[in-house]
Each structure stands twice: as C-alpha cells, then as structure tokens.
Amino acid sequence: MSEITELSLALTADDERNIFGGNDTYIRKIEKSLHVEIIDRNGELHIIGDKESAGKASGIIRELVQLSRRGTSIEEQSVDYAISLKEDSVRTKENFSENVLVDIDRDVICHTISGKPIKPKTLGQKKYIDAIRNKMIVFGLGPAGTGKTYLAMAMAITAFQREEVSRIILTRPAIEAGEKLGFLPGDLQSKVDPYLRPLYDALYQIMGTENFIKNMEKGLIEVAPLAYMRGRTLDNAFIILDEAQNTTPAQMKMFLTRIGFGSKVIITGDATQKDLAPDTRSGLDVAESVLKGIDDIAFCTLTSSDVVRHPLVQKIVKAYEDYEKKAANKQKKKSIQKLERRTRDGK
C-alpha cells in the first residue's frame with residue numbers, strides 16, 4: 001500500500017479566487033484526476049494522498065499560482081493542460097520543467113484591439129510559434145481548435161505592424177461542403193467572403209475593424225481564394241494558406257512556387273477534414289511527403305492536447321482520433337487477411 005502524504009501550501013486570497021474556479025471547480029478537477037484530497041484551512045492548502053499523486057497536485061497548484069501572480073486569468077484549459085503534462089511526464093518519462101506553463105505564458109505575440117494578450121497556451125503551440133519565427137515556410141498541421149490559423153494571423157499582423165513585411169496575403173481554397181464559387185450570388189467579394197470569414201474574424205479581433213478596412217483599401221491586406229494566386233510572385237509579404245487539406249497537389253505546387261524574396265509563408269490544415277472528391281489526394285499530404293527535410297521548411301503537428309477551445313472539444317477530437325486509428329487498423333488487418341487468402345489460393 002502506498003504511503004499517505006500530506007503537503008501544505010500557503011495561498012493568498014487572490015490566489016485562491018483565481019485558481020479555485022467557480023464553486024471550486026478547478027480544485028475538484030485536480031482532486032478527481034490525481035486521486036487526492038485538497039482541504040483549505042485559513043489560507044493554507046493541505047494536499048493528502050499517496051506521495052507521487054500529492055507531489056503532482058502540489059506541483060500543478062504551484063504553477064497555477066505563478067500564472068495567477070503574473071496577472072494571467074486561470075481558465076479550465078490551463079488546469080486541464082497542467083494535469084495532462086504531469087500525466088505525460090510519467091507516461092513518456094520526459095521531465096518537463098516545473099515552470100513550463102509560466103515559460104509558455106511569457107511568450108506574448110501581440111494584443112487584441114481590446115488589450116487581451118495573445119500567446120501560446122501549450123508546448124505544441126509554443127513550438128509552432130518558434131518555428132514561424134525561425135523558418136521561411138511553416139506547415140501547421142492538426143485538428144480544429146489548436147490555434148493554427150489564429151496564431152499564424154497574430155504573427156502576420158505583428159510582422160506587418162513592425163514593418164518586417166509590407167503586406168499580408170490570406171488565402172484558402174474555395175471548397176466547402178460540395179458548393180462551388182459560382183453558385184453564390186453577388187460580385188467576387190460577396191462570393192468569396194463566406195469561405196474567408198474565419199480569417200476576417202481574426203483580423204477584426206486583433207487589428208480592429210477600422211484599421212483592417214483602411215489597410216485593405218490600400219491593398220496592404222489582401223484576402224482572396226487560392227485560385228487568384230496563379231501567375232503572381234509574392235515578394236515581401238506574410239502569406240497564410242488556410243484549409244490546405246482542400247488543395248490538390250497541383251494547387252499546392254502552384255502556391256509554393258509563387259513565393260518571392262522577403263516573404264514568410266504559413267500553411268495550415270487538418271488532414272481529417274478534407275472536402276475534396278473521394279479518392280482525390282490532398283496537396284497537403286503530397287507536400288508533407290515531398291518537402292520534409294528541406295532547410296527553412298518546418299512541419300509542426302499539433303494534437304488534441306493542444307486544443308484550446310472548450311474542454312469538451314478536446315475530448316471530441318481525441319475520441320475521433322481513437323476511432324479513426326481503430327478503423328485504420330481494422331482496414332489494415334482486412335487487407336493483410338485478403339492478401340494471405342490470395343497467396344493461399346495461388347498455391
């Protein structure tokens with residue numbers, strides 16, 4: 001039987017308000033996840049459980065306190081991620097720094113128009129941001145909710161405001177749920193707006209509507225479907241290709257060969273959400289096979305652990321990942337059995 005340990009931590013009233021959560025939700029989550037009991041006695045937290053679990057819980061709470069004292073509002077995602085890091089360190093035997101969340105929190109990319117800081121929230125996002133800083137072309141791969149596009153937008157706007165680039169170009173293939181561009185009424189802008197709405201949303205939030213419109217009218221910010229990139233050379237620009245899983249290999253090659261001097265390119269996509277015709281190979285899949293290993297090109301894969309939306313989204317993404325993995329294994333097993341039968345019959 002494991003030895004029962006009691007650890008104590010002194011907390012201020014402000015610390016408690018921030019890290020406990022409404023109705024002590026966050027503390028109860030730590031208790032349930034790590035099988036410990038946490039008792040608050042006059043500003044001193046007592047953590048009771050087996051030695052390993054109590055130590056993990058104490059480490060998580062200390063990190064959350066450090067975040068709180070930096071002025072960061074503790075959210076459920078922060079608590080979930082802190083718990084998952086502790087669990088991953090045991091499973092993978094990787095020793096994460098005790099201040100890993102604080103280190104991530106220090107990396108402020110920019111602020112929204114309302115003053116809210118934009119920064120990575122997970123190790124995967126931090127590596128993605130570092131790759132964008134250090135490489136000319138970065139592929140951000142991963143499921144919905146991992147911040148691939150939003151963080152790329154924040155980096156693009158920051159580079160533009162610092163005059164590191166002279167313009168921002170945002171593009172995505174106009175393929176959605178089987179509809180074609182011509183089916184939508186109105187002029188070109190009216191037709192492409194529905195496809196590019198997620199990019200507009202990020203621009204409005206970070207740059208502000210008035211500033212965005214002013215720069216767009218000057219031609220310094222361009223939002224266009226991928227088809228309109230053909231025949232151009234894109235110099236001194238920060239270029240983002242979103243939803244790249246919906247490109248064909250020819251479109252991806254066309255896009256990559258548009259890149260000019262002084263430009264930085266971010267390509268985002270989720271291989272599990274293709275809207276291409278069945279049996280059509282994605283340009284994103286081909287690019288990953290062809291371009292890996294080339295200097296100044298980075299591939300950053302984000303996972304369900306990097307989802308920063310509602311915690312339920314993380315569970316949904318993980319459930320689909322597990323389901324698709326099982327389906328792939330089942331299909332592989334069937335193919336092997338079929339091959340074995342053919343070999344047997346041939347004999």
Side-chain angles (χ1 to χ4, degrees), residues 132 135-141 148-157 159-160 164-177 179-184 186-203 207 212 215-271 273-277 280-291 294 296-300:
I132 293 173
K135 301 289 184 179
M136 181 179 168
I137 301 174
V138 176
F139 286 79
L141 314 174
K148 304 182 301 293
T149 302
Y150 191 76
L151 291 173
M153 293 290 293
M155 293 294 286
I157 293 167
F160 177 70
E164 294 169 7
V165 294
S166 61
R167 56 185 172 149
I168 298 173
I169 298 173
L170 311 169
T171 185
R172 66 183 339 202
I175 300 175
E176 294 293 337
E179 287 187 312
K180 298 201 181 291
L181 206 58
F183 293 169
L184 297 170
D187 59 15
L188 173 64
Q189 200 63 44
S190 301
K191 288 173 185 289
V192 301
D193 275 358
Y195 298 103
L196 305 169
R197 180 54 52 189
L199 303 179
Y200 283 122
D201 290 344
L203 280 164
M207 186 174 271
F212 163 62
N215 282 296
M216 197 165 183
E217 286 173 349
K218 290 179 181 177
L220 301 178
I221 296 177
E222 182 180 343
V223 186
L226 180 59
Y228 289 84
M229 296 296 109
R230 187 175 296 280
R232 301 178 61 186
T233 300
L234 308 174
D235 289 325
N236 200 31
F238 201 116
I239 310 155
I240 298 174
L241 169 59
D242 193 30
E243 301 288 348
Q245 75 276 1
N246 287 331
T247 62
T248 64
Q251 285 176 323
M252 178 63 78
K253 182 181 177 183
M254 177 274 291
F255 172 75
L256 289 169
T257 53
R258 300 305 96 203
I259 300 164
F261 291 102
S263 289
K264 188 175 283 284
V265 178
I266 313 301
I267 297 162
T268 68
D270 176 5
Q273 294 196 40
K274 294 174 191 169
D275 295 308
L276 295 169
T280 302
R281 195 170 183 202
S282 166
L284 185 63
D285 295 338
V286 174
E288 193 172 1
S289 301
V290 172
L291 303 177
I294 295 180
D296 225 12
I297 298 179
F299 286 84
C300 296

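No side-chain heavy atom of T247 sits less than 4.5 Å from a side-chain heavy atom of M254. Residues E164 and F238 are not in side-chain contact: their nearest non-hydrogen atoms beyond the backbone lie 4.5 Å or more apart. Residues Y200 and V223 meet the side-chain proximity criterion, which asks for heavy atoms closer than 4.5 Å. The closest side-chain heavy-atom distance from M216 to L203 is not below 4.5 Å. Here the side chains of M229 and L234 are in contact, with some heavy-atom distance below 4.5 Å.
Residues passing the side chain to side chain contact (heavy atoms under 4.5 Å, CB included) test with A244, sequence neighbours excluded: L241, M252, I267, L284. Every residue two or more places apart in sequence or in another chain that forms a side chain to side chain contact (heavy atoms under 4.5 Å, CB included) with A237 is listed here: R167, I169, I239, S263. When the side chain to side chain contact (heavy atoms under 4.5 Å, CB included) test is applied to L291, the partners found at least two apart in sequence or on another chain are F139, L256, A287, I294, I297, F299. Shown here are the salt bridge (Lys or Arg N to Asp or Glu O under 4.0 Å) partners of R281, two or more places apart in sequence or in another chain: there are none. Every residue two or more places apart in sequence or in another chain that forms a side chain to side chain contact (heavy atoms under 4.5 Å, CB included) with V290 is listed here: V286.
Smallest separation of non-hydrogen atoms from G269 and Q245: CA-OE1, 3.2 Å. The heavy-atom pair separating K148 from L141 by the smallest distance is CD-C, 3.8 Å. In plain terms, the two heavy atoms of A271 and D285 that are nearest each other are CB-OD1, 4.1 Å.
Listed for the E243 side chain is no donor-acceptor partner under 3.5 Å among the backbone atoms of R172. No donor-acceptor pair under 3.5 Å is formed between the side chain of T233 and the backbone N or O of G260.
Expressed to the nearest 0.5 Å, how far OG1 of T149 lies from CG of D201 amounts to 11.5 Å. With values rounded to the nearest 0.5 angstrom, M155 atom CE is found 14.0 Å from Y150 atom OH. Interatomic distance, CG of N215 versus CZ of F160, reported as 4.0 Å (0.5 Å rounding). One finds the CG atom of D270 at 10.0 Å from the CG atom of N246 (value rounded to the nearest 0.5 Å). With rounding to the nearest 0.5 Å, the separation of NZ in K135 from CD1 in I266 is 12.5 Å. Here CE of M207 is found 4.5 Å from CD1 of I157. Values are rounded to the nearest 0.5 Å.
For residues 228-238, the set of pairs meeting the salt bridge (Lys or Arg N to Asp or Glu O under 4.0 Å) definition, not counting sequence neighbours, comprises E222-R232.
For the side chain to side chain contact (heavy atoms under 4.5 Å, CB included) test with V265, the passing option among I137, V138, I240 is I137; the others fail.
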- Message: Please evaluate residues K274 and T280 with respect to the criterion side chain to side chain contact (heavy atoms under 4.5 Å, CB included), reporting the C-alpha separation (whole Å), side-chain torsions for both, the decisive distance (0.1 Å), and the verdict.
- Response: CA-CA 10 Å; K274 294 174 191 169; T280 302; over 6 Å; no
